[in-house]
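Heads up: the structure comes next, in C-alpha cells.
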2 protein chains.
Amino acid sequence: MKRNSRLSLALHTLSHMAGSPGRVRTSSDIAEHAGTNPVVVRRVLGKLREAGLLTSEKGHAGGWRLAREPQNITLADVYLALDERMVATNEASETPACSVEHALQERVSGVLEEIEESLVKRLGETSISEVRGG
Amino acid sequence: MKRNSRLSLALHTLSHMAGSPGRVRTSSDIAEHAGTNPVVVRRVLGKLREAGLLTSEKGHAGGWRLAREPQNITLADVYLALDERMVATNEASETPACSVEHALQERVSGVLEEIEESLVKRLGETSISEVRGG
DNA sequence: AGTAAAGCAACTGGAAAAGTTACGTATGAC
DNA sequence: GTCATACGTAACTTTTCCAGTTGCTTTACT
Ligand code: FES
Ligand code: FES
C-alpha cells in the first residue's frame, strides 16, 4: 500500500460500513476488500475504536461494527482519531537555536496551527454517510 | 538531520542572510551553520535559485547571495520554491475504485486543495526580513 | 473441545530522504 | 598559465518511516 494510507483505509472502510450500519465485518473481510492485511486493518480500526467510532468483538461471530449512526461520524472524527496531522508540523528542533530561528519557528508553527484548525473544521462539515450519497 | 527539513533549512538560511543582504556565503559556511552538508545545502538552495530567490557564483570568492530585497521574499515564495506540498495530497489511487471511494477522494481532495491554498496565502503575508524582527 | 475472531509484540522489507563521496566545471588570485 | 576555491551533479550509502508479515495469546461462540 502507498504511504500515509491509514486515513484512506479508515475512510474507505467507514464509508463502506455506512452502507449497511449494524452489520458486523471481520478484519479479514475488510482487509480483502481494501487490498491489505488483517493486522494492518486492526491497527487502524483500533484507533477508531479508541475514539469511540467503532466497536469490536472477539470470538466467533465477532468483528467490527459502527458505534454510532453514520450521520454522526464526520471526516474530522476519523482524521482526529488517527493522530496523524496532515499539516506537517516541524516540531521543536532539538537544539533550541538562536532568536532568529526561534522567531521563525513561532511564525511558521502559528500559521500551521491555524491551517490545521481550519482543515479539521472543513472536514467536520461532511459525514461518512454523506460521502456515499446517503 | 530530521525528516522534511528542507523547508527549515531554506527558511533558516534565508532569514540568516536577510540580516546582511548582499553578503556572499559559501555552501560550506551555510552547511556548518545549519549543521548539515554542503551538498545538501546546494541541493536546497538550488531550488531557491531556480525560483529566482538566490543567485550563485562559481569559483574563487563565489557563493550564494539574495537575488532580491529580503522584504520582497515571503515565506510563501520559499515554500513554493521547494516543490513539496505540506498538505499531504492523497493523490489519485492506482485503481480507479468504486463510486464510494471516488466520491471520498473528491471530497477530501477538494478540502485539501482549499487548505493548501490558504496556507500559501497565509505564508505570503510574512517576509523573511519580518521574521528576524527587521 | 474446537473454531474463529480480535489483540499484541516482534520482525521483515521497501521506499524516501538525508548524508556522503567523487569528479567535473567555472572563476578569480597570483 | 597555474592553482585554489566554489558551485553542479551524479552515484552511492545510511537512516528512518511504515506497511506488511508472522506467531502467539486471549476471548467467545458452537
Ligand atoms: S542559528 Fe541563528 S540564524 Fe542560524
Ligand atoms: S466501498 Fe470499497 S471499493 Fe467501493
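Proteins come first, then strands; the chains are lettered A, B, ... in the order of their sequence lines, and each starts at number 1.
- Residue A:Glu57 is the one, among A:Glu57 and B:Glu57, whose nearest nucleotide of DNA chain C lies closer to the 5' end (criterion: closest heavy atom).
- Between D:dC18, C:dG19, C:dA18, one nucleotide has an atom nearer to the side chain of B:Thr36 than all others, and that is C:dG19.
- Protein atom CZ of B:Arg6 is 12 Å distant from nucleotide atom P of C:dA16, rounded to whole Å.
- One interatomic measurement links the two molecules: CG of A:Leu9 to C1' of D:dA19, which rounds to 11 Å at whole-angstrom precision.
- Side-chain nitrogen and oxygen atoms of A:Ser27 include at least one within less than 4.0 Å of the OP1 or OP2 phosphate oxygen of C:dA6.
- Looking at A:Ser127 and A:Ser129, their side chains do bring a donor and an acceptor atom within 3.5 Å of each other.
- Side-chain proximity of A:Val40 to D:dT26, D:dA19, C:dG19: nearest is D:dA19.
- Of the two residues near DNA chain C, A:Val39 and B:His60, the one whose nearest nucleotide lies more 5' is A:Val39.
- Distance check, rounded to the nearest 0.5 Å: CD of B:Glu101 to OG of A:Ser8 gives 7.5 Å.
- In this structure, the CD atom of B:Glu32 is 12 Å from the P atom of D:dA6, given to the nearest Å.
- Atoms CG (B:Leu7) and P (C:dA17) sit 14 Å apart, rounded to a whole Å.
- Across A:Asp77 and A:Asn72, no two heavy atoms sit closer than the pair OD2-O, 3.7 Å.
- The separation between B:Arg49 atom CZ and D:dA6 atom P is 17 Å, rounded to whole Å.
- Comparing D:dA19, C:dC8, C:dA18 by their nearest atom to the side chain of A:Arg42 picks out C:dC8.
- Nearest to the side chain of B:Trp64, among C:dC8, D:dG8, C:dT20, sits D:dG8.
- Judged by distance alone, with hydrogens and angles left aside, A:Arg43 brings a side-chain donor or acceptor within reach of the base of D:dG20, the pair sitting under 3.5 Å.
- The CD1 atom of B:Ile30 sits 18 Å away from the P atom of D:dT5 (whole-angstrom rounding).
- Across every non-hydrogen atom of A:Leu7 and A:Tyr79, the tightest pair is CD1-CA, 4.0 Å.
- Proximity of B:Ser56 to the phosphate of D:dG8: a side-chain N or O atom is located under 4.0 Å from OP1 or OP2.
- Among the nucleotides D:dT21, C:dG19, C:dG24, the one closest to the side chain of A:Asn37 is D:dT21.
- Residues B:Arg68 and B:Leu53 are in side-chain contact: their nearest non-hydrogen atoms beyond the backbone lie under 4.5 Å apart.
- Residue B:Arg65 contributes atom CZ, which lies 12 Å from atom P of D:dC7 at whole-angstrom precision.
- Rounded to an integer number of Å, the gap from CG of A:Asp29 to P of C:dA4 is 13 Å.
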